[in-house]
Structures are given as C-alpha cells and as structure tokens.
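Here is the structure we will look at, set down as structure tokens.
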Amino acid sequence: MLNFIKNLVTLNGALLNKARSITAYTEALAFQEANEHDKALALMIEASELGNVQAMSVLGSMYLLGRGVKEDGRQAVAWLQKAIDGGFEDAISVLGMAYATGKAGIKVDIPKAREMLIFSADRGDEQSARMLGMMDRGEGVFRGQKKSRR
C-alpha cells in the first residue's frame with residue numbers, strides 16, 4: 001500500500017510539472033507575440049527546465065537570435081539539441097540552419113547542416129529546402145563556398 005501511495009504522489013508531481021510547463025510555455029509565447037522577449041525568457045526557461053520540448057526549441061532560438069537575451073551559440077545548440085533528443089523534430093531544421101550559417105558564433109559545419117536540413121526538407125520543411133537550394137547555388141551567405149549536392 002505504501003508503494004502505491006508513493007507512486008501516486010510521484011505521478012501527481014509529474015502531472016503538475018507537465019501542466020506548469022504548458023502554462024509557462026503558453027505565457028512565454030504571449031509575451032513573445034507582444035515583443036516582450038525579456039519577460040518571455042524566464043517563462044521559457046522554466047518551461048524548458050520542466051521538460052517541455054517545444055519550449056526548449058524556442059529557447060534555443062531565442063539564444064540563437066538574441067531575443068530577450070544576448071546571442072549565445074553554445075546555449076542555442078544545447079537547448080535545440082535537448083529538444084531534438086526529446087523528440088521535437090522541428091528543432092532539427094533550426095539547428096541545421098545554425099550550423100550552416102554560423103549564427104551566434106556557432107562553428108559552421110556544412111556536412112552536419114546538410115544532413116539536418118535534408119532530414120527536415122524531406123519531411124516537408126520548406127525553409128530547409130530553400131536553404132539547401134541556396135547552398136547548392138552558392139547564394140547569399142553561401143557565396144563562394146564549394147558546392148556540394150545532396
């Protein structure tokens with residue numbers, strides 16, 4: 001009986017954390033929509049630390065773009081990778097683009113970028129497909145780079 005009660009308490013705590021992560025994430029998105037990125041940051045961190053993979057992805061993007069926080073490539077990669085590891089595939093394209101462009105001081109890694117962008121493009125992500133096209137044509141930030149096809 002004691003084990004049952006312990007398990008019930010553990011389950012209850014997990015459900016409360018899940019509910020709080022959703023609430024914090026939703027509130028953070030509302031602040032972002034209102035361009036109050038500094039207010040969104042604390043809530044996005046809370047939701048991410050509670051295991052919300054969508055929040056992890058958005059938090060990684062915030063660090064990548066410097067929204068409400070100083071650009072920090074290391075933090076961006078860490079949070080985006082946690083989102084990916086948690087099963088949130090949408091973060092793959094964002095991380096792929098970061099590796100392709102070197103945004104926020106992230107070390108450019110074209111083979112890794114291509115792998116991630118191809119994965120996302122094959123699943124219908126149009127932005128990934130456009131970036132792959134730019135890479136193949138040597139356009140924009142990819143001007144002068146050795147072209148490599150899929």
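Residues Val108 and Ile118 share a single hydrophobic cluster, defined by chaining ILVMFWY side chains whose heavy atoms lie under 4.5 Å apart. Transitive grouping of hydrophobic side chains (ILVMFWY, heavy atoms separated by less than 4.5 Å) brings Trp79 and Val58 into a common cluster. In terms of hydrophobic clustering, with Ile, Leu, Val, Met, Phe, Trp and Tyr side chains grouped at heavy-atom distances under 4.5 Å, Met135 and Met116 are assigned to different clusters.
Evaluated for a side-chain contact (heavy atoms from CB on, under 4.5 Å) with Asn52, the options Gln54, Met56, Glu49 yield exactly one hit, Gln54.
Counting heavy atoms from C-beta on, the side chains of Gln127 and Met97 come closer than 4.5 Å. Side-chain contact between Leu117 and Asp125: absent, with no pair of heavy atoms (C-beta onward) separated by less than 4.5 Å.
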Taking only distance into account, with no hydrogens and no angle test, what donor-acceptor pairs under 3.5 Å do side-chain atoms of residues 25-41 form with protein atoms, sequence neighbours excluded?
residue : atom : partner : partner atom : Å
Thr26   : OG1  : Ile22   : O            : 2.8
Glu36   : OE1  : Lys39   : NZ           : 2.9

Show which side-chain atoms of residues 81-96 pair as donor or acceptor with protein atoms under 3.5 Å away, not counting sequence neighbours.
residue : atom : partner : partner atom : Å
Gln81   : NE2  : Asp85   : OD1          : 2.9
Ser93   : OG   : Asp90   : O            : 3.2

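With hydrogens and angles disregarded, a donor-acceptor distance shorter than 3.5 Å links the side chain of Arg123 to the backbone of Phe119.
In this structure, Ser21 OG and Met44 CE are separated by 11.5 Å, a value rounded to the nearest 0.5 Å. Expressed to the nearest 0.5 Å, how far OG1 of Thr101 lies from CE of Met134 amounts to 10.0 Å. For the atom pair CG of Leu50 and CG of Asn17, the computed distance is 5.0 Å after rounding to the nearest 0.5 Å.
When every heavy atom of Lys107 is checked against every heavy atom of Tyr99, the shortest pair comes out as O-CD2, 3.7 Å. Of all the heavy atoms in Ser57 and Leu80, the pair that sits closest is O-CD2, 3.5 Å. Closest non-hydrogen pair, Ala104 versus Leu64, comes out as CB-O, 3.5 Å. Residue Ala76 comes nearest to Gly60 through the heavy atom pair CB-O, 3.3 Å, listed as atom of the first residue, atom of the second, then distance.
Ser120 meets the side chain to side chain donor-acceptor pair (under 3.5 Å) test with no other residue; sequence neighbours excluded. Legend: residues meeting side chain to side chain donor-acceptor pair (under 3.5 Å) with Asp72, ordered by chain and number and at least two apart, are absent. For the side chain to side chain donor-acceptor pair (under 3.5 Å) test, residues two or more places apart in sequence or in another chain that qualify with Glu71 are Lys103. Not counting sequence neighbours, the partners of Glu46 by the side chain to side chain donor-acceptor pair (under 3.5 Å) test are Arg20.
Within the structure, salt bridge (Lys or Arg N to Asp or Glu O under 4.0 Å) pairs that include any residue of residues 91-102 do not occur (at least two apart or interchain).
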